[in-house]
Amino acid sequence: MLDQRFDPAEAEPRLYEAWEKSGCFKPSGDTSAQAYSIVIPPPNVTGVLHMGHALNNTLQDLLIRFERMRGKNVLWQPGTDHAGIATQMVVERKLAEEGNQDRRSMGRDAFVDRVWAWREESGGAIVGQLKRLGASCDWSREAFTMGDRNDPDNNMMRAVTKVFVELYKKGLIYRDKRLVNWDPHFQTAISDLEVDQREVPGHYWHLRYPLADGVTYEHPVKDEEGNVTGTETRNYIVVATSRPETMLGDTGVAVHPEDERYAGLIGKFVELPIVGRRVPIIADDYADPEKGSGAVKITPAHDFNDFEVGKRAGHTPLNILNSVASIVDGGEADAAGIPADYRGLDRFEARNKVVEAFEAAELLQEIEDLKIEQPFGDRSNVVIEPWMTDQWYVDAKTMAQPAIEAVKTGKTRFVPENWEKTYYNWMDNIQPWCVSRQLWWGHRIPAWYDEDGNVYVAYSEEEAQAEAGKGKKLVRDEDVLDTWFSSALWPFTTMGWPDKTPELETFYPTATVITAFDIIFFWVARMMMMGLEFMGEVPFPDIYIHALVLDEKGQKMSKSKGNAMDPLELVDAYGADALRFTMTAMAAQGRNIRLSKQRVEGYRNFSTKLWNAARFAEMNECGAPGEMDYAAVKSPVNRWILSELSKCAADVTRGLEDYRFNEASDALYKFIWNTLCDWYLELIKPLLAGMDDTDKQETRAVCGYVLDETLKLLHPFMPFVTEELWERRSPGRAASKGFLMSQSWPSGEPFTDEAATAEIDWVIDMITEIRSLRNDLGVPAGSRVPLTLVNATSEIEQRAMRHEDVLKRLARLEEISMTETSPEGAVSVVVGETMSALSIADFVDIEEVRKRLDKELGQLDKDITSTEKKLSNENFVSRAPEEIVEENRERVRDWTARREKLQAARKGLEGL
RNA sequence: GGGCGGUUAGCUCAGUGGUAGAGCACUACGUUGACAUCGUAGGGGUCACAAGUUCGAACCUUGUACCGCCCA
């Protein structure tokens, strides 16, 4: 006997272990079967499972289990990402906590050893968490973007080197000195995508720059309403800045060429306070006459826009910051004329000191409070500085072209489609991708320099040496590559590239990639570029973009907001199946998901419902027949449920094929709860309890069969409870026939029996109608009342007799009889063509019955009138499709017939 | 400023040309040995607004308002 309910905490780990041990997560290796592969978006090795992962991996597992059951040769390739900055940060923090030396004093090799050790001990905790979700990845192939430490010749390492060298040789990777986003905390460059633009409260300091050479000009003066009332003579020009300290590196002041106020000043100079440098006033479109004073200070070395302006004006950028964002010292400070007391100051201290100096010199015109956009490092949370450095760049613009083309020509499509616009938008405006990082944890750049600064990019030091010539002393580039550089190669490196492996042959390109939209740029676009470049083929034909998981209020979940829900807590509370089903049911395309516990609880209840259906089957000896000969099934209720099952299977299959996950789960939910449990199991109770052995045998077989087929259909959504029931319904079955997860997907051979469906629908309508009437009229729930069919056709009479037991049981009837005229004191029930009478006069107030009838008659009148009006419209009849017109005609016929019956019933009440 | 999306029942959301749907919440009643993590019945909607296309619009077009998100 099955327990009262499913116990996920006990069953889930046991089942997962059994699956994994049996090897059924591995590809079948059936070379005659179609190959189907997905590479997991590699979670960060420092990461812990959050709701986004739960959704992302549930959907992947759903497809993987589905396709596996469909007989494909399936690979779900798992692994993790080495996450340069994040991991280095974790380990550095740990070193600090433990009171160890910092990484600089311990040295590069020792530090990298330490990171590896950390990864082996506590890295990749997320893998275990994915297992709790039921993810059926082939863990024997688990990959890591840094490769295998113990195998210096591992393919991940070789792949990254090869890609770097080849792109360099093609001119698609180059070294350049330009402004980068510099993270002063980690002291590394980061890419545009790793910078968060945040709106924060800040100030605009309006600074007066004295004009050099005694120049003055007339500046318009405005009254409070903004009208120009006159001019004043000024010997200064006002610039506004949110970063006053950068004035130390100013090389000029720009005004708009058409700004009349400043026209006479173009070509003149200002004398920068503090540093005493003469810098020119130049004309440049970048200056916005509407903004602030219309004049803008130009600091080419510390602002991306200013860099461009400075380049146009031929200014040499003056660097004033060092790698920790303090003011420079030494030669650079000399060049910029920075006074001694500013040198070495932190950027924010320098800011205060600059402002004080302006104030003291009466050059501070105004401090304006406003919100400013400020760039923050997404890992470090410190303000990012644009900084001039030498870095390696990928020519993303060139590489993007084939990747754009692939989507334009449909080699790869986005689902939902509208994300392709986001993709194009970014790809069309793509900037050079800075791939070097001043970190120690990562793939070290395969570039060597000789003493003259010549660079040699090669597979190995020996090769570089050979290229440089004997005797040259070479030093390897200190930097490592951006983590996304290696994850861009993920779809083929995980399969063994650059080696020619059978996996690569079989499983590349993958079938689909499943991810959230915020990863389109980071990862998807880059995989497209690299896949096309090195494999000559797109890495996947489909890109499915799912929603973000938000909290109940629609806010992004984050630790700092404290609104994060832990998926594992939900798994503990409700089981992995419930969480998975919730994710699936809510994964409507193109929407965000607002998660609530209630919803998860609801789907836990759903799995309990299924469990109890199986319990019912067990009590009634509905076994596991395995096969079913549909043609041999006789009884209408059984033929009906087989029809419904067939419809459900088709809907689920189509939903999964089309990435309409919510439609697939919806079809299952409705079938299991509203069709199977609410009706089928109720309808067969009399048969199972009855005397007719043939009926009983058939019903047991069909019930057992339908349940097993349902388990198969539900398995990809709720793998645990279904797998458990598969075995519990037929002990020993997993051992003899294999796990449920390895069974064949219901073939979806369509089966429909319209006659059986019509008959059962009639029974259901009868019961529903009677129940509704009883409830509305307040008939005591426990009472049994007689029902009389009035003037029924013989077909209806036979139906009623065939289903007498069920009608009596579910509608709480005392008996069913037939007459030609409606009995006295009965209330009419109209279903289709059939009028029957429920003898409930003793219980009810005739006035209530009358009201109920009048209400329905009123509604019918309205419906009939409006539809008749439609049908009398010449245009409708001639232009609408025939089937729609016919549908409306039929509707009117049905309604009219019902109205007649109800009117008769209404008349019958008048004498009472 | 550019782009994308949203506005449907109290709440969260499906529905994309042919009679407005689900889950939750709510109300009433609970009986039938699968299930109270349940059953039965019920109430609840000018589908943001306006104009247009169409025989017909929640759905297509245009515009307006409000709300999100991404990019600069």
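All chains are named by letter (A, B, ...) in the order of the sequence lines, taking the proteins before the strands, and each is independently numbered beginning at 1.
- B:C59 and B:U19 are spaced 16 Å apart, taking the C1' atom of each and rounding to whole Å.
- What separates CZ of A:Arg774 from P of B:G39 is a distance of 19 Å, to the nearest Å.
- Following rounding to the nearest Å, A:Glu890 (CD) and B:U19 (C1') show an atom-to-atom distance of 13 Å.
- Using atom P as the reference point in both B:A34 and B:U40, the two lie 14 Å apart (nearest Å).
- Separating the CG atom of A:Asp196 from the P atom of B:A72 is a distance of 11 Å, rounded to the nearest angstrom.
- Residue A:Ser772 has a polar side-chain atom (N or O) positioned under 4.0 Å from OP1 or OP2 of B:G42.
- Spacing between atom CG of A:Leu871 and atom P of B:U19 amounts to 13 Å, rounded to whole angstrom units.
- Nucleotide B:G17 has no partner under the Watson-Crick or G-U criteria, as no pair reaches both atom distances under 3.5 Å.
- Using atom C1' as the reference point in both B:A9 and B:C24, the two lie 12 Å apart (nearest Å).
- Without hydrogens or angle criteria, A:Asp196 side chain to A:Arg198 main chain gives no donor-acceptor distance under 3.5 Å.
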Under 4.0 Å protein heavy-atom contacts per nucleotide of nucleotides 22-37 of chain B, with B for base, S for backbone only and - for none | --S----S-BB-BB-B
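- For the residue pair A:Tyr669 / A:Asn674, no side-chain donor-acceptor distance below 3.5 Å is found, with atom types taken as modelled.
- A 4.5 Å side-chain heavy-atom check between A:Glu769 and A:Val830 finds every atom pair outside the cut-off.
- Taking atom CZ of residue A:Phe517 and atom P of nucleotide B:G6, one finds them 14 Å apart after rounding to whole Å.
- Here A:Tyr544 and A:Phe661 bring their ring centres to under 6.0 angstrom of each other.
- Remark on RNA chain B: of its neighbouring residues A:Val877 and A:Asp863, the 5'-side contact belongs to A:Asp863, judged by nearest-heavy-atom nucleotide.
- Taking 4.5 Å as the limit, some side-chain heavy atom of A:Asp285 sits within range of a side-chain heavy atom of A:His256.
- Side-chain contact between A:Pro300 and A:Val309 is absent, with no heavy atoms from C-beta onward closer than 4.5 Å.
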Please produce a list of atom pairs where a protein N or O lies less than 3.5 Å from an N or O of nucleotides 16-18 of chain B.
none

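- Partner assigned to B:G52 is B:C60, using Watson-Crick or G-U wobble distances below 3.5 angstrom.
- Across B:C67 and B:U8, the matching C1' atoms stand 16 Å from one another, rounded to whole Å.
- Identified under the side-chain hydrogen bond (donor to acceptor under 3.5 Å, both in side chains) test for residues 888-897 of chain A, with sequence neighbours left out: A:Glu886-A:Arg893, A:Glu887-A:Arg891, A:Asn888-A:Arg891.
- Here, B:A20 and B:G44 have their C1' atoms 13 Å apart, quoted to the whole Å.
- Between A:Lys421 and B:G2 there is no side-chain N or O to OP1 or OP2 distance below 4.0 Å.
- We find that CZ of A:Arg852 is positioned 12 Å from P of B:A41, with the value rounded to whole Å.
- Nucleotide B:C66 forms a pair with B:G6, judged by Watson-Crick or G-U wobble geometry with both contacts under 3.5 Å.
- A gap of 14 Å separates the C1' atoms of B:A25 and B:G42, to the nearest Å.
- Residue-environment remark: NZ (A:Lys408) exceeds the threshold of 12 foreign heavy atoms within 6.0 Å.
- A 6.0 Å sphere centred on CD of A:Glu814 holds more than 12 heavy atoms belonging to other residues, nucleotides or ligands.
- Residue A:Ser866 is out of contact with every strand shown, counting any heavy-atom pair closer than 4.0 Å.
- In this structure, CG of A:Asn418 is placed 16 Å from C1' of B:C71, rounded to the nearest angstrom.
- B:A22 and B:U12 make up a base pair, with Watson-Crick or G-U wobble contacts both under 3.5 Å.
- With a cut-off of 3.5 Å on both pairing distances, B:A36 has no Watson-Crick or G-U wobble partner at all.
- As a whole-Å value, the separation of A:Lys851 NZ from B:G42 C1' is 15 Å.
- In summary, the side chains of A:Arg852 and A:Ser772 do present a donor paired with an acceptor at a separation below 3.5 Å, with no hydrogens or angles considered.
- Annotation: B:G63 and B:G21 have their P atoms spaced 32 Å apart (nearest Å).
- Tested against A:Tyr603 for a ring pair (Phe, Tyr, Trp, His ring centres under 6.0 Å), the candidates A:Tyr574, A:Phe717, A:Phe581 yield a single pass: A:Phe581.
- Rounded to whole Å, the separation between the C1' atoms of B:G15 and B:C66 comes to 23 Å.
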